[in-house]
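In what follows, a single structure is set out as C-alpha cells and then discussed.
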Amino acid sequence: MKISVGNPVEGEDFFDREQEQARAWRKLAGSHLLMLAPRRIGKTSLILRLCSTAQQHERYAVHCSFAKCENESDCIRELFKALATEHTIEQRRKALFDKIKSFKLGPFGVDWHEARPESWREAGEELGKALADGDDDWLVCVDELPVFIINLLQQGDDGRRRARAFLYWLRDLRQTHYRRIKWLLAGSIGLDTLAARLGLSDTINDLEPFPLDAFSEESALRFLGELARSYAIDLDEGLRAVIVRRVGWPVPYYLQLMFEHLREECVESGRTPDAAMVERVFEKLLGMGYRNHFDYWRQRLDEELGQPEAGHAARILTQICRSSAGNTRDNLEQAMAAVIGDPAARDKTLNYLLEVLTSDGYLIEREGRYAFRLEWLRVFWQRRLAA
C-alpha cells in the first residue's frame, strides 16, 4: 500500500470499506443514492471502487465530476465523455453513440454539435433514452454536483432559476429511466443542505441518503498497520492508537498525512517513531506552512451557506473550539444573542446551523454538548481562526 495524500486511491491502495460497498450495492438494487460525506473522507475512492466492481453486480458504471462545469452543456459533455472512456466496452459504446444525434464520437473524443444554449436538455434526454433502451443496466456516478449548482448561483440574477431548472430536469431524467439506470450523486458540499437552503428539497427526494463516515477505530488501526508494513516502519498497536486519538476522527486523509510526515521524520532522524515524535508531527502540521490542510473547512462555510449564515457558523465554531469537551447549546445561544437579537430567529438559525455543522463533519453531539469531531481541526481553529 502506498501513501496517497489527497488523491483518490484505486486497486491495491484501496483499503477496507467492505461494509460500505455491500450497503451501496444493496441500496442500488432499487434506489438512486445521494452520498453524503465531508471532504477527505474517501468519497471519490469509494465511488471508483464501485465503478470498478460494477460488472460483478451485472452493471456497467461510469464516473464523472461536475466540479469544473460552468454551464449545463458542460455537464452533459462530461457525461458523454465518461461514456466514451475505456470503461465502456467498445461494442456497447458504438451502439450507444449511434443512437445519439446531439454528440458524435470523433477521433479525439466527443464532439459537440452546434446547438442552441438550451439544447443540453435534448442531448441529456437522448443520453438517458439511449442507455435505457439498451440491454444493460447502468450505474452513473456524478461527483461534485453541488459545486456546479453553486457555480450557477453565482452567475447573476438568472442563476437561481437555472439551478432550479437543472435540478428538476435531472430528477425527471432519473425517474423516467429508473429501471435501467441508477444514479449516485455526491459532493464535498452537502446537496441536501444546499437544496434545503434554496427551497428545492423536492428535487432530490427520490434519492436515498448514503452517509459515509471516517474509518472505524479498528479499521484505522489496521490501516496504519498496513502503511507501516509497506514502508518497513516499526509502528506497534499502542503507537497507532496514539495517532488515532491525536487526530481525533480517523479520516483517511488525516491519517495518511500524519503517517507521511512521521515517516519523513523517521528517515531524516534515523529513529523509530514514538509518542513524542507523533506530537512533534501534530504540532508541525499546525504551522502556517501547512494551513492548506485545514483552511478549506472555513472556506467551505462561505461556499455552502453564504452570508450571513457562514459568519454565524464560524461564530459557533469559535465558541466550541476553546475546549475539547465542546460547549452546550445554551452557551451557544447566548453567544449568538450578540448578532441575532430576536429570540425566535436566533433559535431557528442555531438549530439549522448545528444540524448543518453536525451532518457536514465539523461537530458531534455528546451528552448535550457540541464538540469538534476532528481534534486536529479544533486546535487549528482555536489557534488560527478564533477571534
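Throughout, residue positions are numbered sequentially from 1 according to the sequence presented.
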State plainly whether the residues E78 and K81 are in salt-bridge range, i.e. N to O under 4.0 Å. yes
hydrophobic_cluster_shared for V267 and L239, side chain cutoff 4.5 Å: no
SB check D137 R180 (cutoff 4.0 Å): yes
Salt bridge flag under 4.0 Å for residues E20 and R23: no
Does L357 belong to the same Ile/Leu/Val/Met/Phe/Trp/Tyr cluster as I364, with side-chain heavy atoms less than 4.5 Å apart forming each link? no
Check for a donor-acceptor pair, side chain of R240 on one end and backbone N or O of L224 on the other, with a separation under 3.5 Å. no
Distance alone, cut at 3.5 Å: any donor-acceptor contact between the side chains of R162 and Q155? yes
Think R39 forms a cation-pi with Y296, using NZ or CZ under 6.0 Å from the six-ring centre and within 45 degrees of its axis? yes
Taking atom OH of Y178 and atom CZ of R174, what is their separation to the nearest 0.5 Å? 14.5 Å
Given 3.5 Å as the limit, does a donor-acceptor pair link the side chain of S31 with the main chain of L33, or not? no
For the CD atom on E70, are there more than 12 heavy atoms of other groups (residues, nucleotides or ligands in this structure) within a distance under 6.0 Å? no
Between D157 and R160, does any side-chain N to carboxylate O distance fall below 4.0 Å? no
If you round to the nearest 0.5 Å, how far is NE2 of H32 from CG of L184? 11.0 Å
Do other residues, nucleotides or ligands put more than 12 heavy atoms under 6.0 Å from D135 CG? no
Tell me whether Y231 contacts the main-chain N or O of I3 through its side chain, where contact means a donor paired with an acceptor under 3.5 Å. yes
E218 vs S216, side chain to side chain contact (heavy atoms under 4.5 Å, CB included): CA-CA, chis, key distance, verdict: CA-CA 5 Å; E218 183 270 336; S216 67; 4.1 Å; yes
Sidechain-backbone polar pair: R322 side chain, Q382 backbone, donor-acceptor under 3.5 Å: no
Would you say that more than 12 heavy atoms from the other residues, nucleotides or ligands in this model lie under 6.0 Å from the NZ of K284, or not? yes
Check the angle between the aromatic planes of W120 and F166 and answer parallel, tilted or perpendicular using the 30° and 60° thresholds. tilted
If we ignore angles and hydrogens, is there a donor and acceptor under 3.5 Å between the side chains of W169 and E125? yes
Would you call the rings of W376 and F282 parallel, tilted or perpendicular, taking 30° and 60° as the class edges? parallel
Is there a side-chain contact between I320 and W381 (heavy atoms, below 4.5 Å)? no
Assess whether a salt bridge exists between D360 and R300, defined as any Lys/Arg side-chain N lying under 4.0 Å from an Asp/Glu carboxylate O. yes
Any side-chain donor near an acceptor of the partner, H293 and Y253, under 3.5 Å: yes
Does any part of the side chain of R378, heavy atoms only, come nearer than 4.5 Å to the side chain of S324, both counted from C-beta? yes
What's the verdict on salt bridge (Lys or Arg N to Asp or Glu O under 4.0 Å) for E283 and R383, showing C-alpha distance, side-chain angles and the deciding distance? CA-CA 11 Å; E283 289 293 330; R383 296 183 187 181; 2.7 Å; yes
Min side-chain heavy-atom separation P250-S219 under 4.5 Å: no
With distance as the sole criterion, is a donor-acceptor pair present between the side chains of Q175 and R171 under 3.5 Å? yes
Salt bridge or not between D158 and R161? Use side-chain N to carboxylate O under 4.0 Å. yes
Quick check: do E268 and E265 have side-chain heavy atoms less than 4.5 Å from each other? no
Can you tell me how far the CD atom of Q307 sits from the CG atom of L305, to the nearest 0.5 Å? 9.0 Å
Under 3.5 Å donor-acceptor, R59 side chain and W138 backbone: yes
Parallel, tilted or perpendicular: which describes the rings of H261 and Y290, with under 30° parallel and over 60° perpendicular? perpendicular
Would you call R373 and P38 a side-chain contact if the rule is heavy atoms closer than 4.5 Å? no
How about I47 and K43: do any of their side-chain heavy atoms sit closer than 4.5 Å? yes
Salt-bridge criterion met for R229 and E226 (N-O under 4.0 Å): yes
Nearest 0.5 Å, what's the CG-CG distance between L317 and L301? 6.0 Å
For Q56, is there any backbone N or O sitting under 3.5 Å from a side-chain donor or acceptor partner on T53? no
Do you see a donor-acceptor pair shorter than 3.5 Å between the side chains of T44 and D143? yes
Between R49 and E10, is there a salt bridge with N-O shorter than 4.0 Å? no
Does a salt bridge link E333 with R329, judged by any charged N lying under 4.0 Å from a carboxylate O? yes
Search all heavy atoms of P273 against all heavy atoms of D234 and return the closest pair with its distance. CG-O, 3.3 Å
Can you check whether L173's main-chain N or O pairs, donor with acceptor, with T176's side chain at less than 3.5 Å? no
From Q299 atom CD to N292 atom CG, the distance as rounded to the nearest 0.5 Å: 9.5 Å
Could you verify whether a donor N or O on one side chain and an acceptor N or O on the other, from N71 and R77, lie under 3.5 Å apart? no
same_hphob_cluster(L185, L48) at 4.5 Å side-chain heavy-atom cutoff: no
With distance as the sole test, does Y362 use its side chain to make a donor-acceptor pair with the main-chain N or O of W297 at under 3.5 Å? yes
Can you find a pair of side-chain heavy atoms, one from T272 and one from L235, that are under 4.5 Å apart? no
Check whether any side-chain heavy atom of L139 sits under 4.5 Å from a side-chain heavy atom of Y60, and report yes or no. no
Greater than 12 external heavy atoms within 6.0 Å of E355's CD: no
CG/N151 to CD/E144 distance, rounded to the nearest 0.5 angstrom? 10.5 Å
Keeping R246 on the side-chain end and A275 on the backbone end, is there a donor-acceptor pair under 3.5 Å? no
